[in-house]
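Here is the structure we will look at.
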Amino acid sequence: MDSTIKVAVTEPEYVKAQDLFEQAIDRGLECVCVPHADAACAQAVREHKAQHVVLGPESYPEHLYEAVQRRGVLARFGVGYDGLDLELATRHGLLCTNTPGVLDLSVAEHTMGLISAAARQTPLLNETTRRGDWQPTIGVELSGKGLTVIGCGPIGCRVARIASFGYGMRVTGCEVRAIDSDAMKRDYGFERVVSDFADAVSDADFVSLHIPSTAGTRGFMNRERLSQCRANAWLMNTARGAVVDEKALFDALRDGMIGGAALDVFEKEPYAPADGLKDLRELDNVIMTPHVGSTTTEACERMAERALDNIQLAIEGRFEEMDLLNQDVLKAGDR
Ligand code: 8YV
C-alpha cells in the first residue's frame, strides 16, 4: 500500500523552495503545487486529496478549512499568522503552525537595505543613471542617526543589532511588553527601550515597524502617531501592511508631516490604493518592494524545511516539538 502523504503547497511558496518541496518525497511527503487564490486553492486541495497544506500569508475562507481532513496541518511558510483563523481551524480539527526564527535575519537585512536606500536615494539614482541622466545626489551617513524600532521581538532586535553595532546608529526601542533593558542594551545595542511611542520617536530619523498584525495593532501607524514623528523621519514597514493606515500615511507624506516611507508590505497585496486619490505610487518619497523581506534562498529553504518538519511531527504525534499555534486543538478529543 502506498504510504505517501500528500501535501498541497501554494504556488508562490512552492516556487520559492521548489527543490526542497520536490525532495520531500524522500521522507514520504509528496508536495503538489496548488494555486493560492482562495476558491481555486480549496478546490485543488480537494482534487489532490491533500492531507496537509503549506501556505503563504493570505487569509482563506472556510472552504479551505473544510477541504482539509481533521488532523491535517495548515503550515504557514513564514512567521506571521494573521491570515490563519485559529478558532476556525480548531473547530475543524486542524493544526496550525508557523516558522518562527528562521527568517529574522533576511527580514532584518532587507530593512537595513531599505534604510540605506532611503538615506542615499538609491532608487532615484538607479532610475536617472540608467536613462543617461548623470545626477549625483547628496545622501546622508547612517552613523549617528536615530533609528527607532517599534516592537522589540526577534526581528526588531536583529535590526537593532545590525544598525547599532554595524552602522553605528543610535537605536531606541519601543516595546510594551516587559523586557530586560540591560540585555537589550548589551546584546542588541539599544540605547534605550521605552513603552511610549511619542517618546520613542522623538529624535528618530528612521522609524521601523516590527509588530505583528493583530486586532490591537491594526492601523497602529495612524494620523496621530505619524504626527508625532519628526518631519524628516522615514517610516520603514517590513512587518505587515495592516499595521499602517495607508490613507493617513499618504496624507502625512504629501503634507510633509514625515520625510518618506519605505514599504515592503501593504494593506492589500499586490498593492492597490484603498482610495484611488491616495495612491502611494504617485509620491516621490516612497520606496516600494513586493513583500520580499523573507525572500532569500536561505530563508526560503529554512521556511520550507520547518513547515515540512511541522507536518512530519504532526504525523508522528510529536505535538510538543511543533510550532503549534492553536494548542487547543489537542484538547479537541480526537487525537
Ligand atoms: C511570507 C511573511 O510568509 O513570515 C511572514 O510573516 O510575511 C513572509 O515571510 C512569505 O514570503 C510567503 O511566501
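Keep in mind it's a predicted model, so treat the numbers as computed, not measured. Atoms within each ligand, like the ligands themselves, are counted from 1 in listed order.
Defined by atom type and a distance below 3.5 Å, a donor-acceptor pair is missing between the side-chain atoms of H36 and E11. Side chains of N98 and D323: a donor-acceptor N/O pair is absent below 3.5 angstrom, by distance only.
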Let me see the working for V7 and I311 under side chain to side chain contact (heavy atoms under 4.5 Å, CB included), right down to the final yes or no.
-> CA-CA 9 Å; V7 178; I311 290 171; 3.8 Å; yes
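F197 and F220 have their aromatic ring centers within a separation under 6.0 angstrom.
By the 30° and 60° cut-offs, the orientation of the rings of F21 relative to Y14 is parallel.
Within 6.0 Å of the CZ atom in R223, the count of heavy atoms belonging to other residues, nucleotides or ligands does not exceed 12.
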Run through all N or O atoms in ligand 1 and write down each protein N or O closer than 3.5 Å, as a pair with its distance.
{"residue": "ligand 1", "atom": "3 (O)", "partner": "R76", "partner atom": "NH1", "Å": "3.0"}
{"residue": "ligand 1", "atom": "3 (O)", "partner": "R76", "partner atom": "NH2", "Å": "2.8"}
{"residue": "ligand 1", "atom": "3 (O)", "partner": "F77", "partner atom": "O", "Å": "2.7"}
{"residue": "ligand 1", "atom": "4 (O)", "partner": "V79", "partner atom": "N", "Å": "2.7"}
{"residue": "ligand 1", "atom": "6 (O)", "partner": "R76", "partner atom": "NH2", "Å": "3.3"}
{"residue": "ligand 1", "atom": "6 (O)", "partner": "G80", "partner atom": "N", "Å": "2.7"}
{"residue": "ligand 1", "atom": "6 (O)", "partner": "R240", "partner atom": "NH2", "Å": "2.8"}
{"residue": "ligand 1", "atom": "7 (O)", "partner": "R240", "partner atom": "NH1", "Å": "2.8"}
{"residue": "ligand 1", "atom": "7 (O)", "partner": "R240", "partner atom": "NH2", "Å": "3.2"}
{"residue": "ligand 1", "atom": "7 (O)", "partner": "H291", "partner atom": "NE2", "Å": "2.7"}
{"residue": "ligand 1", "atom": "9 (O)", "partner": "S294", "partner atom": "OG", "Å": "2.5"}
{"residue": "ligand 1", "atom": "11 (O)", "partner": "K16", "partner atom": "NZ", "Å": "3.0"}
{"residue": "ligand 1", "atom": "11 (O)", "partner": "S294", "partner atom": "OG", "Å": "3.3"}
{"residue": "ligand 1", "atom": "13 (O)", "partner": "E13", "partner atom": "OE2", "Å": "2.6"}
{"residue": "ligand 1", "atom": "13 (O)", "partner": "K16", "partner atom": "NZ", "Å": "2.7"}

